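Heads up: the structure comes next, in structure tokens.
Predicted model only: the values in this text are computed from it and were never measured.
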Amino acid sequence: MKIWPTGGLWRHPDFARLWSAETVSQFGTQFTQLALPLVAIDVLHVSAFQVAALTTVEFLPFLLVSLPAGVWVDRLRRRPILVVGDLSRAVLLGSVPVAYWLGALTMGQLYVVGFLVGVATVFFDVAYQSYLPSLVDRQHLIDGNAKLEISRAAAQLVGPGIAGIVINFLRAPAALAFDAASFVGSALFIFSIRREEHPPVRDRESPKMREELREGLRYVLGHPYLKNIAACTAMFNFFGTLGTAILLVFARRELHLSPLAIGLALTLSNIGPMVAAFNANRISSRFGVGRTIIGASILGGPMFLVIPFAPQGNAALALLVPAFVVGGLSNVIYNVTQISLRQAITPQRIQGRMNSVMRFIVWGTIPLGGLAGGALASGIGLKSTLIVSGIGCCLPFLPVLFSPVRSIREMPEPADDAAAVLGPLVSDAGPLPVEHIGT
């Protein structure tokens with residue numbers, strides 16, 4: 001049954017509600033990303049180690065919860081998961097300004113809030129990536145993901161500036177109330193979606209979670225498209241994080257850039273993602289899905305190699321800003337296209353596990369890259385580490401170039417459940433990991 005009305009996604013009321021929810025949430029999240037660590041720094045006056053630990057705690061759920069979250073997303077309706085995820089984050093973040101005003105705020109509360117918000121975010125992200133294919137037609141997934149990416153790019157472009165103004169006048173705890181309110185707004189938009197969502201069809205004797213996890217892992221690791229996309233993304237995340245982990249230190253100590261100049265460079269860099277979000281659908285239609293994925297993965301790498309050769313002082317911006325713009329543009333085009341491909345080829349009943357396994361793999365390399373970047377910088381210096389990062393970022397295109405991905409012209413139809421799931425089970429010869437890592 002066709003679920004996309006005449007006039008495109010602009011006139012698709014249920015997609016408009018999902019898009020509105022994501023837009024409100026993305027802008028609110030910019031407040032939390034800036035305000036939560038500032039609460040620890042300016043209000044509780046904790047050490048740098050404790051602030052770094054807060055970031056680690058926020059990221060842990062993506063490693064610990066992603067795989068089981070995918071199983072539950074496939075077992076339940078996705079829309080209620082989205083609503084509960086939004087409302088949970090609203091309550092958790094809202095507790096911080098309340099505790100502050102009562103004089104009872106502690107670092108322990110921030111750790112708990114950070115971890116539980118991360119858990120809710122894992123479930124929300126897996127559910128919403130799995131929900132979109134049931135809301136719009138397959139041939140419009142790229143358009144839908146591109147529009148959702150517009151919200152993210154716009155929030156990253158102007159959100160930090162607005163958050164900084166609010167925090168400057170109202171202090172960090174009060175700014176978290178804005179994000180809490182944004183999650184309530186997001187939940188209301190999602191709750192208002194009218195399209196009926198049917199419960200997943202399950203056998204009378206449902207398999208155990210371990211069996212469902214194994215099925216999701218085997219589906220991704222045995223799929224000729226997904227395993228190569230996962231390898232490409234994971235490699236890029238590792239080498240990219242290896243460099244970005246020390247980028248601010250390099251900018252301050254080697255290039256002698258002021259915080260204002262760094263903020264300007266990061267703000268202007270979001271022009272690339274914004275342009276890409278508006279044009280990703282057009283680009284993939286012109287060049288084909290496979291070529292777009294490969295081309296974007298090739299284009300982004302050399303931009304990292306430019307960074308260590310930037311001159312000192314504000315003259316560095318003339319080199320860094322274009323590199324950031326092109327890098328951000330290629331990253332968004334790659335993400336929009338490969339996520340849409342994943343959604344298009346995967347049967348509905350395993351969408352949650354596919355998304356959670358992919359996130360588990362590709363996000364799992366991020367903390368490893370950060371640790372490697374810090375260790376290398378201590379041993380060989382900042383500039384040399386950035387050169388290693390740049391060289392590494394030029395390699396991730398290889399898994400998708402030498403794979404069936406390069407031959408994909410248009411969004412393929414999904415295989416039936418048996419072929420999609422049992423096929424990879426049979427073709428994957430090696431032993432499979434039962435647990436570990438997560439766009």
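Inter-residue side-chain proximity for Phe115 and Leu64 is flagged as met; some heavy-atom pair is nearer than 4.5 Å. Residues Glu22 and Phe124 are in side-chain contact: their nearest non-hydrogen atoms beyond the backbone lie under 4.5 Å apart. Counting heavy atoms from C-beta outward, Asp74 and Arg349 have side chains that stay 4.5 Å or more apart. Proximity of Gln343 to Thr346: side-chain heavy atoms (C-beta onward) are nowhere separated by under 4.5 Å. Residues Val119 and Val122 form no side-chain contact, since every pair of their non-hydrogen atoms from C-beta on lies 4.5 Å or further apart. Looking at Ile293 and Ile408, their side chains never come closer than 4.5 Å, going by heavy atoms from C-beta outward. Using a 4.5 Å heavy-atom threshold, the side chains of Pro13 and Arg194 count as separate. Side-chain contact check for Gln338 versus Val405: every heavy-atom pair is 4.5 Å or farther apart.
Looking only at distances, no side-chain donor or acceptor of Asn237 sits under 3.5 Å from a matching main-chain atom of Thr365. Between the Arg79 side chain and the Ile193 main chain, a donor and an acceptor come within less than 3.5 Å of each other. A side-chain donor-acceptor contact under 3.5 Å links Ser407 to the backbone of Pro404. Of the possible polar contacts, one joining the Ser403 side chain to the Val400 backbone as a donor-acceptor pair under 3.5 Å is found. Here the side chain of Asn355 pairs a donor or acceptor atom with the backbone of Gln351 at under 3.5 angstrom. Judged purely by atom type and a 3.5 angstrom limit, Arg78 has no side-chain atom pairing as donor or acceptor with the backbone of Tyr128. Ser25 places no side-chain N or O within 3.5 Å of a backbone atom of Ala21 that could act as its donor or acceptor partner. Listed for the Ser269 side chain is no donor-acceptor partner under 3.5 Å among the backbone atoms of Val321.
Scanning both residues, Ala187 and Asp86, for their nearest heavy atoms gives N-OD2, 3.4 Å. In terms of heavy atoms, Val126 sits closest to Gly70 at CG1-CA, 4.1 Å. The shortest heavy-atom contact between Ser356 and Leu67 is OG-O, 3.9 Å. Scanning all heavy atoms of the two residues, the minimum distance from Gly243 to Leu386 falls at O-CD2, 3.5 Å. A pairwise comparison of heavy atoms in Val336 and Ala280 identifies CG1-CB, 3.9 Å as the closest pair. The two residues Arg406 and Leu401 make their nearest non-hydrogen contact at NH1-O, 3.1 Å.
Every side-chain hydrogen bond (donor to acceptor under 3.5 Å, both in side chains) that Thr121 has, sequence neighbours left out, goes to Arg89. Not counting sequence neighbours, Thr385 has no partner by the side-chain hydrogen bond (donor to acceptor under 3.5 Å, both in side chains) test. Considering only residues two or more places apart in sequence or on other chains, Tyr334 meets the side-chain hydrogen bond (donor to acceptor under 3.5 Å, both in side chains) condition with Thr233. Among residues two or more places apart in sequence or in another chain, the side-chain hydrogen bond (donor to acceptor under 3.5 Å, both in side chains) test is passed with Ser182 by Asp179.
Distance check: Ile298 CD1 to Leu395 CG gives 11.5 Å after rounding to the nearest 0.5 Å. Atom CG of residue Leu221 and atom CG of residue Leu217 lie 6.0 Å apart, to the nearest 0.5 angstrom. Atom-to-atom distance recorded for Leu242:CG and Leu247:CG is 12.0 Å, nearest 0.5 angstrom. Phe191 CZ to Ser186 OG: the interatomic distance, rounded to the nearest 0.5 Å, is 13.5 Å. Note that CD1 of Ile283 and CZ of Phe278 are 13.0 Å apart. Values are rounded to the nearest 0.5 Å. Put simply, CD1 on Ile229 and CE on Met358 are 6.0 Å apart, with the number rounded to the nearest 0.5 Å.
Using cut-offs of 30° and 60° for the angle between ring planes, the Tyr219 and His223 rings count as perpendicular.
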Yes or no on side chain to side chain contact (heavy atoms under 4.5 Å, CB included) for Ile361 and Val357, after CA distance, side-chain angles and deciding distance? CA-CA 6 Å; Ile361 294 171; Val357 170; 3.9 Å; yes
Apply side chain to side chain contact (heavy atoms under 4.5 Å, CB included) to residues Leu132 and Phe15 and explain how you reach the verdict. CA-CA 8 Å; Leu132 183 63; Phe15 175 79; 3.9 Å; yes
What do the steps show when you test Leu226 against Ile345 for side chain to side chain contact (heavy atoms under 4.5 Å, CB included), and what is the final call? CA-CA 9 Å; Leu226 298 181; Ile345 63 179; 3.9 Å; yes
Please evaluate residues Leu255 and Leu320 with respect to the criterion side chain to side chain contact (heavy atoms under 4.5 Å, CB included), reporting the C-alpha separation (whole Å), side-chain torsions for both, the decisive distance (0.1 Å), and the verdict. CA-CA 11 Å; Leu255 302 183; Leu320 294 180; 3.9 Å; yes
When the side chains of residues 300-307 are checked against the rest of the protein, which donor-acceptor pairs come out under 3.5 Å, sequence neighbours left out?
none

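Between Lys383 and Glu254 there is no salt bridge, since none of the side-chain N atoms of the basic residue sits less than 4.0 Å from a carboxylate O of the acidic one.
Heavy atoms of other residues, nucleotides or ligands lying less than 6.0 angstrom from CZ of Phe309 number more than 12.
Within the structure, every pair that satisfies the side-chain hydrogen bond (donor to acceptor under 3.5 Å, both in side chains) test and touches residues 282-311, not counting sequence neighbours, is listed here: Asn279-Arg282.
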